[in-house]
**Student:** 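Structure in structure tokens, see below.
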Amino acid sequence: MHDGLKRALISDPRYHDRLETLKRRPLVLVALTNHCNFRCEYCSTTGQERVPHVNMDEALFRGIVEQCAEAGLAPRFGQTYEPFAHPRIAEFIGIVNGAGLHFTSNTNGSLLTDKVRDLPMSLIVSLSENAE
């Protein structure tokens, strides 16, 4: 990022207000997998080397969800990588909803199969595919 733009952003009072809010109530971001099926230009993972796919296991996932529910925090899924590339995503959405939380995620939308499409969730769909 251009240094001048970065300085302007971090000197903005709204940035500092948001930091203070996060200190009082942290934002929990959970990557369910280290895999994405696209290489969008704007994504923070674009320059990373391809590595073997790793998916979060159910025990770790349940632990995170339970701790968030106890603390009154609403976790977000898929800020990096594609959460719907996880082979058990439908079950994981059910775990979140079963804990009294709401599944909220970013996605490129390409893997929203019939199995997950109608599940209760909130999605931000963003895709900026390139030739790769």
Side-chain angles (χ1 to χ4, degrees):
M1 180 182 283
H2 185 269
D3 272 350
L5 177 57
K6 183 176 180 179
R7 280 194 201 97
L9 290 173
I10 62 173
S11 65
D12 188 311
R14 294 171 293 184
Y15 173 80
H16 294 282
D17 289 344
R18 182 68 177 142
L19 280 180
E20 291 305 313
T21 300
L22 288 172
K23 287 177 188 175
R24 291 188 303 275
R25 186 174 177 84
L27 180 60
V28 178
L29 305 175
V30 182
L32 301 177
T33 183
N34 72 339
H35 175 63
C36 189
N37 55 328
F38 290 115
R39 304 288 278 182
C40 297
E41 288 290 331
Y42 60 84
C43 186
S44 62
T45 64
T46 298
Q48 293 181 358
E49 291 183 33
R50 300 218 183 239
V51 295
H53 297 169
V54 177
N55 296 308
M56 183 176 288
D57 68 50
E58 182 178 340
L60 176 58
F61 183 76
R62 281 186 184 276
I64 293 168
V65 170
E66 289 168 8
Q67 289 178 44
C68 285
E70 288 172 10
L73 299 172
R76 306 274 172 120
F77 304 91
Q79 303 307 119
T80 56
Y81 306 108
E82 175 53 45
F84 291 88
H86 192 291
R88 297 182 60 200
I89 186 65
E91 294 170 61
F92 280 23
I93 293 169
I95 291 168
V96 172
N97 293 332
L101 301 173
H102 188 72
F103 187 87
T104 302
S105 180
N106 290 14
T107 178
N108 62 37
S110 66
L111 299 176
L112 296 176
T113 64
D114 290 342
K115 189 174 183 180
V116 298
R117 194 172 291 124
D118 294 327
L119 295 175
M121 60 185 157
S122 297
L123 301 178
I124 298 171
V125 180
S126 178
L127 176 62
S128 180
E129 190 178 6
N130 59 18
E132 186 183 335

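Basis for what follows: all heavy atoms, side chains included, without hydrogens, waters or symmetry-related copies.
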**Student:** Just jot down the side chain to side chain contact (heavy atoms under 4.5 Å, CB included) partners of Ser126, sequence neighbours excluded, or say none.
**Tutor:** Tyr42

**Student:** List the residues meeting side-chain hydrogen bond (donor to acceptor under 3.5 Å, both in side chains) with Asn37, not counting sequence neighbours, and say none if there are none.
**Tutor:**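 By the side-chain hydrogen bond (donor to acceptor under 3.5 Å, both in side chains) rule, Asn37 matches Asn108, Ser110.
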
**Student:** I need the minimum non-hydrogen distance between Val65 and Ala99, along with the two atoms involved.
**Tutor:**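 Nearest pair, atom of Val65 first, then Ala99: CG1-CB, 3.5 Å.
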
**Student:** A side-chain contact here means heavy atoms from C-beta on lying under 4.5 Å apart; do Leu123 and Phe77 qualify?
**Tutor:** no

**Student:** Of the non-hydrogen atoms in Leu101 and Cys68, which two are nearest, and what is the gap between them?
**Tutor:**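 Nearest heavy atoms, Leu101 then Cys68: CD1-CB, 4.2 Å.
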
**Student:** Does some side-chain heavy atom of Phe103 sit less than 4.5 Å from a side-chain heavy atom of Leu119?
**Tutor:**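 They are not in contact (no side-chain heavy atoms under 4.5 Å apart), so the answer is no.
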
**Student:** Could you name each residue pair satisfying side-chain hydrogen bond (donor to acceptor under 3.5 Å, both in side chains) that touches residues 62-78, not counting sequence neighbours?
**Tutor:**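 Sorted pair list: Glu58-Arg62.
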
**Student:** The criterion is side chain to side chain contact (heavy atoms under 4.5 Å, CB included); which residues satisfy it with Val54, sequence neighbours excluded?
**Tutor:** Asn34

**Student:** If we ignore angles and hydrogens, is there a donor and acceptor under 3.5 Å between the side chains of Glu82 and Thr33?
**Tutor:**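 No, because no side-chain N or O of Glu82 sits under 3.5 Å from a partner of the opposite role on Thr33.
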
**Student:** For Asp57, which residues count as a side chain to side chain contact (heavy atoms under 4.5 Å, CB included) partner, sequence neighbours excluded?
**Tutor:** Ala59, Leu60

**Student:** If you compare all heavy atoms of Pro75 against all heavy atoms of Val30, which two are closest, and at what distance to 0.1 Å?
**Tutor:** CB-CG2, 4.3 Å

**Student:** Taking all non-hydrogen atoms of both residues into account, name the closest pair between Pro83 and Leu32 and its distance.
**Tutor:**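 Here Pro83 and Leu32 meet closest at CB-CD1, 4.0 Å.
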
**Student:** Just wondering, do Thr107 and Ile124 contact through their side chains at under 4.5 Å, heavy atoms?
**Tutor:**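 Side-chain contact under 4.5 Å: no.
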
**Student:** Does anything in residues 90-104 pair up under salt bridge (charged side-chain N to carboxylate O under 4.0 Å, His left out), and if so which pairs, sequence neighbours excluded?
**Tutor:** Arg88-Glu91

**Student:** Can you list everything that forms a ring pair (Phe, Tyr, Trp, His ring centres under 6.0 Å) with His102? Sequence neighbours excluded, please.
**Tutor:**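 With neighbours one apart ignored, the set is empty.
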
**Student:** Go through the steps to decide whether Leu9 and Tyr15 satisfy the test side chain to side chain contact (heavy atoms under 4.5 Å, CB included), and finish with yes or no.
**Tutor:** CA-CA 7 Å; Leu9 290 173; Tyr15 173 80; 5.9 Å; no

**Student:** Taking side chain as C-beta onward, heavy atoms only, is Asn97 less than 4.5 Å from Ile95?
**Tutor:**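 No, their side chains stay 4.5 Å or more apart.
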
**Student:** Can you name the residues that form a ring pair (Phe, Tyr, Trp, His ring centres under 6.0 Å) with Phe92, not counting sequence neighbours?
**Tutor:**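 If we apply the ring pair (Phe, Tyr, Trp, His ring centres under 6.0 Å) test to Phe92, skipping adjacent residues, the hits are Phe61, His86.
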
**Student:** If a pair satisfies salt bridge (charged side-chain N to carboxylate O under 4.0 Å, His left out) and one of its residues is in residues 96-105, list it, with sequence neighbours excluded.
**Tutor:** none

**Student:** For Ala74, which residues count as a side chain to side chain contact (heavy atoms under 4.5 Å, CB included) partner, sequence neighbours excluded?
**Tutor:**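 Checked Ala74 against side chain to side chain contact (heavy atoms under 4.5 Å, CB included); zero matches.
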
**Student:** Please list all pairs meeting salt bridge (charged side-chain N to carboxylate O under 4.0 Å, His left out) that have one or both residues in residues 116-125, counting only residues at least two apart or in different chains.
**Tutor:**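 The answer is Asp114-Arg117.
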
**Student:** Mind checking what makes side-chain hydrogen bond (donor to acceptor under 3.5 Å, both in side chains) contact with Ser105, not counting sequence neighbours?
**Tutor:** none

**Student:** If you measure from OG1 on Thr104 to CD1 on Ile93, what distance do you get to the nearest 0.5 Å?
**Tutor:** 10.5 Å

